[in-house]
Amino acid sequence: MKRLSSLFLGVCLLLAWAAQASELRVLLNEKKVDAGSSWSDEGFQIQLAKLLAERSRRELKFVTLSRKRLAKALEDGEGDILCGYLPAWLAGNFDWSTGFIDVADVLVSERRTLPPRSIADLAGLRIGTVLGYSYPEVESILGKNFIRDDGPGAASNLRKLVAKRFDYAIVSEAVLLHHLKSNDPPLSINPPLLIKQFKTQCAVSKKGNIGVAEINKLIAEIQADGSLGKLMGSVNRPHQNF
């Protein structure tokens, strides 16, 4: 009887392990999810996760954690992937996928002001920025004349722009495009100035259910068949280079 019980327990453990191994556990920043930001970065991450899980034939599971716990969870194998980051943003012992998520930071100004011809035109002027974020491209041009007005996020900075708290703000293109689409509150802007354009990646746990080679293979597949492009949407970017 003991032997049968042990055998039954072993089978149960094996089935539980197999079920977990067939999952794709995607980490998300709980602060962004709780804030209801499903329209922008987190919304894209959720749809991307669904696409990757479908292509990998795995059951999708979201693991929402605070920003400070994400790297440790990935290192410990509590989650498999965390997308939309760069190695410079997230230190830890994990692998990185190829860069594939197009991201841009732009400088926005209300039409009540003259549009800056370059970043240098903003020396000594207050610029809406996000607390904790660095802007090396702007810092290298303005130096000590880079006057930051830190806020909790890009969306709140756009609201401050409307409220005339300042005349300029640096925001992500995704946030700006969503705001212009909803127009709530109404925002009338000059052509934005492109500050930086880059491709973010997925951090992949070394102790997870899926390796970076398979993630890269999935990325290549959704790029090749147009699924990624359809997800990101064909957008005429409303910015100019500086």
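Considering every non-hydrogen atom in both L161 and A169, the closest pair reads CD1-N, 4.3 Å. Here the shortest heavy-atom pairing between E110 and N190 reads O-ND2, 3.1 Å.
Taking the salt bridge (Lys or Arg N to Asp or Glu O under 4.0 Å) definition, one finds that K72 meets it with D76, sequence neighbours left out.
In this model, no donor atom of one side chain and acceptor atom of the other lie less than 3.5 Å apart for N216 and T98.
Residue pairs meeting the side chain to side chain donor-acceptor pair (under 3.5 Å) criterion with at least one partner in residues 198-207, sequence neighbours excluded, are N93-K206, D102-K199.
For K217 and E221, the salt-bridge test passes: some basic side-chain N is under 4.0 Å from an acidic carboxylate O.
The side-chain heavy atoms of Y168 and V108, taken from C-beta on, include no pair separated by under 4.5 Å. L176 places a side-chain heavy atom less than 4.5 Å from the side chain of I189. The closest side-chain heavy-atom distance from Y135 to V130 is below 4.5 Å. Looking at I101 and M232, their side chains come closer than 4.5 Å, going by heavy atoms from C-beta outward. Counting heavy atoms from C-beta on, the side chains of R165 and D149 never come closer than 4.5 Å. Looking only at side-chain heavy atoms (C-beta outward), L131 and R148 stay at 4.5 Å or farther from each other. Taking 4.5 Å as the limit, every side-chain heavy atom of L107 sits out of range of all side-chain heavy atoms of V138. Side chains of L28 and Q45 form a contact here, defined as non-hydrogen atoms less than 4.5 Å apart.
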